[in-house]
Amino acid sequence: MQQTLIILKPSTVQRGLVGEVIDRFQKKGLIIAGIKMMQLGDEILREHYAHLVDKPFFPSLLKSMQATPVIVMCLRGVDVVEVVRAMIGATNSRKAAPGTIRGDYGMSGQENIVHASDSPENAEIEVRRFFAPGEIFDYSPVTLSATYAADELK
Ligand code: IDP
Ligand code: MG
C-alpha cells in the first residue's frame with residue numbers, strides 16, 4: 001500500500017490542533033504506520049526544503065519549522081499521496097478551499113498547518129529521511145475490509 005510523509009508544523013503544535021488534524025486523517029480511513037515528535041535541525045530542513053533554499057522566505061521558513069518540536073507521521077492508503085494532497089489544499093491557507101485542512105485551520109502561506117509529500121517517489125525519500133526502518137509498522141487494521149472493496153486493495 002502506498003505511503004506518505006506528513007509533518008504537523010510548529011504552528012499546529014502551538015495552536016493545539018494536533019489532535020484535530022490527526023483525527024481527520026484517521027476518519028478518512030488512512031492508516032498510521034509511524035508517528036513521533038522531533039525537533040528539526042538545520043541539516044534535515046535544508047535537505048527537506050532543498051527546492052526552496054534560494055527563496056527570500058527560506059530563513060523565515062527555517063525559523064518557523066524550528067519554533068517547537070513537530071509531529072511527523074507516515075500514513076498509508078491506496079493512492080494516499082494524491083488523497084492527502086487533496087485533503088490539505090493549496091499551499092497558501094488563505095487560498096485553500098474551505099473543507100481542506102489548510103482552508104479550515106489556517107490563515108497563512110507559511111504557517112500552513114501541515115506538510116505532505118507531493119509524489120509517491122518523494123514520499124519514499126521523505127519517509128526514509130524522518131523515520132528509521134524500525135519506526136514504521138506494517139499491520140492490517142481489522143477495519144480494512146470495511147474501508148475498501150477487496151479489488152481495491154493491491
Ligand atoms: P507545499 O507545502 O504545499 O508542498 P512548497 O512549495 O513545497 O508547498 O513549500 C514548502 C513550504 O514552504 C510551504 O508549505 C510553506 O510553509 C512555505 N512556503 C512556500 N511558499 C511560500 C511563500 O511564498 N512565502 C512563505 N512561505 C512559503
Ligand atoms: Mg512541497
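Source: prediction; values computed, not measured. Atom set for the values below is all heavy atoms of this structure, side chains included, hydrogens, waters and symmetry mates excluded. Atoms within a ligand are numbered from 1 in the order they appear, just like the ligands themselves. Position 1 is the first residue of the sequence, and the numbers go up from there.
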Check: G89 main-chain N/O paired with R102 side-chain donor or acceptor under 3.5 Å: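 Yes, because the side chain of R102 sits within donor-acceptor range (under 3.5 Å) of the backbone of G89.
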Side-chain donor/acceptor of R129 to backbone N/O of I44, under 3.5 Å: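 Absent.
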For Q110, is at least one N or O under 3.5 Å away from an N or O on ligand 1?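 Among all N and O atoms of Q110, at least one is under 3.5 Å from an N or O of ligand 1.
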Looking only at N/O atoms, are T91 and ligand 1 under 3.5 Å apart anywhere?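 Indeed, backbone or side chain, T91 has an N or O that close.
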For residues E126 and S117, is any side-chain donor paired with an opposing acceptor at under 3.5 Å? yes
Nearest-neighbour protein heavy atom for atom 20 (N) of ligand 1, which is reported as residue plus atom name and distance: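 For atom 20 (N) of ligand 1, the nearest protein heavy atom comes out as F57 CZ, 3.3 Å.
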Any idea which protein heavy atom is nearest atom 9 (O) of ligand 1, and the distance to it? L52 CD1, 3.4 Å
Minimal non-hydrogen separation, Y148 against V78, with atom names: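 Minimum heavy-atom contact is OH-N, 3.1 Å.
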On a heavy-atom basis, which atom in K9 and which in Q110 lie closest, and how many Å separate them? NZ-O, 4.1 Å
State whether the number of non-hydrogen atoms from other residues, nucleotides or ligands found under 6.0 Å of K55 atom NZ is greater than 12. no
Does atom CD of E82 have more than 12 heavy-atom neighbours, drawn from other residues, nucleotides or ligands, at distances under 6.0 Å?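 No, the 6.0 Å shell around CD holds no more than 12 heavy atoms from other groups.
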At a 4.0 Å threshold, what atoms of ligand 1 neighbour a non-hydrogen atom of [X]?
X	result
N112	13 (C), 14 (O), 15 (C), 16 (O)
H51	5 (P), 7 (O)
R102	1 (P), 2 (O), 3 (O), 14 (O)
G109	15 (C), 16 (O)
L61	12 (O), 16 (O), 17 (C)
K9	13 (C), 14 (O), 15 (C), 16 (O)

Would you check whether D118 reaches within less than 4.0 Å of ligand 1, judged by its heavy atoms? no
Contact check, R85 vs ligand 1, heavy-atom distance below 4.0 Å: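 Checking ligand 1 against R85, which is what was asked, there is a heavy-atom contact under 4.0 Å.
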Of I136, I31, I32, T4, the one forming a side-chain contact (heavy atoms from CB on, under 4.5 Å) with C74 is I136
Identified side-chain contact (heavy atoms from CB on, under 4.5 Å) partner of V84 from the options L5, V114, I6: I6
If we set the cut-off at 4.0 Å for heavy atoms, which region of I88 has an atom near ligand 1: side chain, backbone, both, or neither?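 For I88, there is no contact with ligand 1 at all, from either part.
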